[in-house]
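Have a look at the structure below, then the notes.
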Amino acid sequence: MEPLYKPEGVEERWQRTWEEEGLYRAGAGKRRDETFVICVPPPNVTGALHMGHALNGSIQDVLIRWHRMQGYDTLWQPGYDHAGIATQNVVEKQLASEGTSRKELGREAFVARVWRHLEETGRTIMGQYRSFGASLDYERERFTMDDAYIEAVMRFFVHLWERGWIYRANRIVNWCPFHETAISDLEVAHEEMDDTLTYARYPFTDGSGHITIATVRPATILADVAVAVHPDDERYRDAIGKEVLVPYVERAVPVIADERVEPEFGTGALKITPGHDPTDFDIGRDHGLPVLTVIGLDGRMNENAGHLAGKTQEEADQAILAWLKEHDQLEKREHYRHAVGTCERCHTRIEPLVSLQWWVAMEEPRKPALAALRERRVRYHPESQHQFAIRSLEEIPDWNISRQLWWGHQQPLWYCPNEHVTCAWPPPEACATCGSTELVRDPDVLDTWFSSALWPYATLGWPEQTPELERYYPGNVNSTAREIIRLWENRMIWTGLELMGDVPFTDVIIHSTILASDGRRMSKSLGTGVDPLDLIAKHGADATRYGLLKMSSTQDVRFTEGPLEEGRKLANKLWNVSRLLLQERMEPKADPRALEERWILARLDSTQAEVEAAWNAFEFSPSVQALYRLTFDDFCDWYAEAIKPRLGEPEARATALAALEQLLKLLHPVMPHVTEEIWSQFHPDTSTGRVIVTPWPEATGAYAADLHALDAVQEAAAIFRRSGVAVPLEGDEKRIFDAVVRPERSKANGNAAGEIERLRREVERGERMLANEKFVANAKPEVVEAEREKLARYRRELDALSG
RNA sequence: GGGCGUGUAGCUCAGCAGGUAGAGCGCCUCUCUUACAAAGAGGAGGCCGCUGGUUCGAUUCCGGCUUCGCCCACCA
């Protein structure tokens with residue numbers, strides 16, 4: 001064994017071995033009948049592994065490996081999401097760079113092109129998971145566009161249809177002019193933009209002056225159907241009920257009163273354009289106003305815009321501004337900065353448009369999910385996210401599921417010449433209403449999250465009643481980033497309850513987001529991303545896992561390599577202390593349970609309890625810190641040093657190896673490779689003797705009473721190192737002190753005076769507190785007792801030093 | 001505009017059922033010592049954002065202010 005641990009080669013070798021030996025498979029190492037299932041968030045098929053996947057994968061792998069060692073029948077099933085709009089976006093950009101477009105290719109050729117693209121990118125992702133040691137059951141890979149999965153999506157749609165929850169409505173939607181599709185509210189990003197607010201005068205038809213409105217989009221004036229003011233607004237009391245002339249088109253429209261108008265903003269008068277603004281759409285609907293549209297699906301002015309038809313909005317803006325100026329109806333224009341909705345994929349400004357779309361009514365399906373969250377049959381961690389998830393379900397709007405895209409699951413809807421709609425799967429032969437056989441399938445595809453919502457059970461074979469579904473549903477844990485709670489988590493919960501009659505998992509971990517070192521988001525387009533594969537190449541997979549887990553606190557954290565270097569040090573330390581303990585140096589005699597041995601066994605147990613508590617609470621940063629301290633401070637700095645002179649004693653060696661075994665087991669879920677590598681050094685023969693499937697230690701608590709056995713020695717050592725004066729010790733304590741501190745080699749400061757001063761201050765403080773009657777009366781008894789013990793010890797040490 | 005979080009050593013972050021603070025990295029000193037110099041030992045460095053309150057005692061609990069950030073949102 002070389003003194004320097006090099007992860008290269010070692011990690012790949014174990015990854016290959018574990019997989020070849022079938023130890024990644026569901027149920028490997030199973031010693032009890034209970035299952036433990038993690039529902040993995042399927043990465044987008046076009047993407048590459050990023051920091052979020054690496055962090056999330058590490059978290060999940062710790063839980064899976066830990067439960068596997070505990071003998072659970074574990075299932076961690078990998079897969080991909082076809083990621084409708086995101087994938088189409090990537091391929092369309094490729095086509096654009098080749099000087100062509102999807103329209104030029106046509107739908108069939110475009111979809112074929114997407115599939116070809118996936119063959120290139122799809123495979124690499126699982127390789128990336130393998131490279132950081134994710135013990136996924138790779139033989140069970142699933143894809144949301146597998147034939148069986150498509151079947152599930154279609155059945156789900158038909159199910160919702162039969163429940164009466166799917167409806168079609170002409171509503172205002174978020175239209176992305178670039179992708180030429182509607183997108184849901186959740187796919188809209190809001191970006192601050194500089195804009196201009198135009199104040200335009202609308203004259204009253206009775207000639208009694210005018211009312212001034214403010215707008216950022218003059219082009220939409222053409223589609224105005226009213227002007228609204230707040231009912232309590234004194235300024236416009238007399239205007240309500242009158243009519244005004246819409247500029248340019250000179251159409252007479254009413255002035256109405258509505259509480260949704262904000263009197264403080266602009267002039268307090270709002271032009272109502274139901275065809276191009278969500279609020280206006282609602283107000284118009286409630287006042288029985290017509291819907292006019294002047295902007296088409298391509299973002300240009302449409303046929304309703306008269307001679308402006310075909311012009312861009314900017315051109316229309318200019319024409320209308322010129323008209324206003326000419327007619328002295330342009331009051332002013334001012335700079336205005338506000339948030340504008342954009343498409344989260346292409347950042348094109350969203351066009352609110354009225355269009356005919358399919359929706360899922362959420363009022364009914366959300367109810368059982370809400371109950372499940374309130375009753376905590378599903379728990380989000382941390383608690384603040386649980387509250388957020390509940391609020392999200394309370395406020396959940398109906399779900400626009402149709403997308404005018406080409407890549408995705410085509411809706412199981414058919415139209416006949418008589419405009420009847422048939423929803424069926426498998427594809428129907430004839431119209432369900434009139435029997436016509438001239439059916440045309442709806443060209444739209446489903447929101448990509450529609451299929452993701454089925455992931456926990458569709459991957460297990462639903463709608464077939466497979467043995468896997470029977471055994472592994474419901475699962476236990478799901479772990480993701482915050483932004484996906486409404487898009488995915490809540491939807492899995494309600495569809496699971498609807499189709500399977502049970503929640504898909506009991507715990508949802510919402511982990512931190514790792515930001516770039518400058519605090520910005522990690523993003524490929526910003527150039528702020530860090531590739532986890534580079535980190536693995538540089539520090540090793542174990543160190544990378546350790547570092548990411550260390551950074552997985554509840555708050556967002558800026559990325560630094562420090563924690564990864566810490567992980568690399570830990571692996572190296574473990575490697576070296578193993579070299580020490582595995583040396584052959586057999587000589588006689590021993591006390592099998594000397595002071596330092598009872599102490600380290602107690603420390604192993606107490607740290608194990610600490611780690612288990614943390615993992616049960618889905619907290620990982622504290623757990624790796626505890627393991628680091630255990631390894632460095634306790635195991636290496638104290639125990640290994642203390643035991644060194646006794647390594648020739650068979651019993652001492654036996655205890656040392658047992659302690660090392662326990663340490664390796666505790667570390668295995670976090671750092672699987674190095675622990676397996678060391679383990680194989682003293683379990684060379686057995687093919688089944690792998691840490692990955694070895695039983696998790698049973699904490700005996702046998703030496704709990706000895707947890708503080710070394711306190712006196714450690715304190716004495718600290719004093720000696722600072723002052724050069726030894727506090728007298730006897731027996732085992734003296735032996736350990738001599739073994740660890742090795743005075744002949746230690747150059748203490750020799751500042752006895754400073755140490756005496758420090759101890760005096762401690763003694764004074766202790767005396768002051770114990771003399772405080774209110775402290776003694778009010779503080780917890782154990783706190784007071786601890787103060788007494790500390791005071792006694794400091795007094796003893798002070799005596800030893802000054803005497 | 002609403003909701004949530006955050007401000008602790010030069011940097012990245014822990015911690016705190018309330019008893020004047022920790023880690024890693026960086027910095028300084030010493031040591032190639034037979035597991036480990038990609039190491040070990042020692043050390044410097046902190047009004048724990050500001051401000052009131054509760055308390056014998058607040059970095060920790062409560063209120064206000066403020067910093068930075070995230071999410072949500074139909075003020076045209």
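Lettering follows sequence order; numbering is per chain, from 1.
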If we ignore hydrogens and angles and just use 3.5 Å, is the side chain of A/N572 paired with the main-chain N or O of A/R568 as donor and acceptor?
no
Taking atom P in both B/rA41 and B/rC32, what distance in whole Å separates the two?
16 Å
Between B/rU66 and B/rC25, how far apart are the P atoms? Round to whole Å, please.
39 Å
Send over the distance from A/Q625 CD to B/rC13 C1', rounded to a whole Å.
8 Å
Atom CZ of A/F720 and atom C1' of B/rG42 are separated, to the nearest Å, by 12 Å
Take atom CD of A/E566 and atom P of B/rC25, then tell me their distance rounded to the nearest Å.
7 Å
No-hydrogen, no-angle side-chain donor-acceptor test under 3.5 Å, A/T198 and A/K332:
no
Nearest-neighbour nucleotide for the A/V261 side chain, B/rA76, B/rA35, B/rC25 considered:
B/rA76
Considering only heavy side-chain atoms of A/R721, the closest of B/rA14, B/rG42, B/rA35 is B/rG42
How far does the P atom of B/rU12 sit from the matching atom of B/rC68, given to the nearest Å?
16 Å
Grab the NZ-C1' distance between A/K573 and B/rA37 for me, whole Å please.
11 Å
Quick check for you: among B/rG40, B/rU12, B/rG3, whose closest atom lies nearest to any side-chain atom of A/F632?
B/rG40
Hey, are A/Y248 and A/D224 close enough side-chain-wise for a donor-acceptor pair under 3.5 Å?
no
Could you write nucleotides 69-75 of chain B as a row of B, S and -, 5' to 3', where a protein heavy atom under 4.0 Å of any base atom gives B, of only sugar-phosphate atoms gives S, and otherwise -?
--SSBBB
Is it the case that the side chains of A/Q681 and A/S578 hold a donor-acceptor pair, with the cut-off being a distance below 3.5 Å and no angle test?
no
Establish, from distance only, whether the side-chain atoms of A/Q387 and A/Y380 form a donor-acceptor pair under 3.5 Å.
no
Heavy atoms only, 4.0 Å cut-off, all strands: where does A/Y628 land among base, sugar-phosphate and nothing?
sugar-phosphate
What is the nucleic acid contact for A/V577, judged by heavy atoms within less than 4.0 Å: base, sugar-phosphate only, or nothing?
base
Separation of B/rG24 atom C1' from A/L630 atom CG, nearest Å, is 17 Å
Are the side chains of A/L330 and A/R201 in touch, meaning some heavy atoms are under 4.5 Å apart?
no
I'd like the P distance from B/rC70 over to B/rC62, given in whole Å.
25 Å
Spacing between A/F559 atom CZ and B/rU12 atom P, to the nearest angstrom:
14 Å
Are A/S623 and A/W615 close enough that a side-chain donor and a side-chain acceptor fall under 3.5 Å?
yes
Candidates B/rC56, B/rA35, B/rG24 - which lies nearest the side chain of A/K774:
B/rC56
Are A/F720 and A/F737 close enough that their ring centers fall under 6.0 Å?
yes
Taking the same atom, P, in B/rG7 and in B/rA14, what whole-Å distance lies between them?
8 Å
Provide the distance between the two C1' atoms, one in B/rU29 and one in B/rA21, to the nearest whole Å.
25 Å
Provide, to the nearest angstrom, the distance between the OH atom belonging to A/Y5 and the C1' atom belonging to B/rA35.
16 Å
Taking the P atom of each, how far is B/rG3 from B/rG63, in whole Å?
14 Å
Nucleotide nearest A/N572 (side chain, heavy atoms from C-beta), chosen from B/rU12, B/rG24, B/rA38
B/rA38
Out of B/rC25, B/rA35, B/rC56, which nucleotide sits closest to the side chain of A/K644?
B/rA35
When all nucleic acid strands are considered with a 4.0 Å heavy-atom cut-off, which category describes A/K271: base, sugar-phosphate, or nothing?
nothing
With P as the reference atom in both, quote the distance from B/rG53 to B/rU20 in angstrom, rounded to an integer.
23 Å
If you check every side-chain atom of A/L270, which of B/rU12, B/rG24, B/rA76 has the closest atom?
B/rA76
Verify whether one side chain among A/Q357 and A/R171 offers a donor that lies under 3.5 Å from an acceptor in the other.
no
Once you apply a heavy-atom cut-off of 4.0 Å, does A/D280 come out as touching a base, just sugar-phosphate, or nothing?
nothing
Let me know the distance between CE of A/M769 and P of B/rG18, rounded to the nearest Å.
14 Å
Where each residue is assigned the nucleotide of RNA chain B containing its nearest heavy atom, which of A/R568 and A/V557 is assigned the position nearer the 5′ end?
A/V557
Does a donor on one side chain sit under 3.5 Å from an acceptor on the other, for A/S606 and A/R603?
yes
5' priority, RNA chain B, between A/T215 and A/P563 [closest heavy atom]
A/P563
Choosing from B/rU12, B/rA23, B/rG19, which nucleotide comes nearest the side chain of A/E787?
B/rG19
A/Y202 ring center near A/H210 ring center (under 6.0 Å):
no
Dot-bracket for RNA chain B, 5' to 3', counting Watson-Crick or G-U wobble pairs under 3.5 Å, with [ ] for crossing pairs and | for inter-strand pairs?
(((((.(..((((.....[..)))).(((((.......))))).....(((((..]....)))))).)))))....
Please determine, for the side chain of A/N576, which listed nucleotide (B/rU12, B/rG19, B/rA35) has the closest atom?
B/rA35
State, without any angle test, whether A/E566 and A/Y628 hold a side-chain donor-acceptor pair at a distance under 3.5 Å.
no
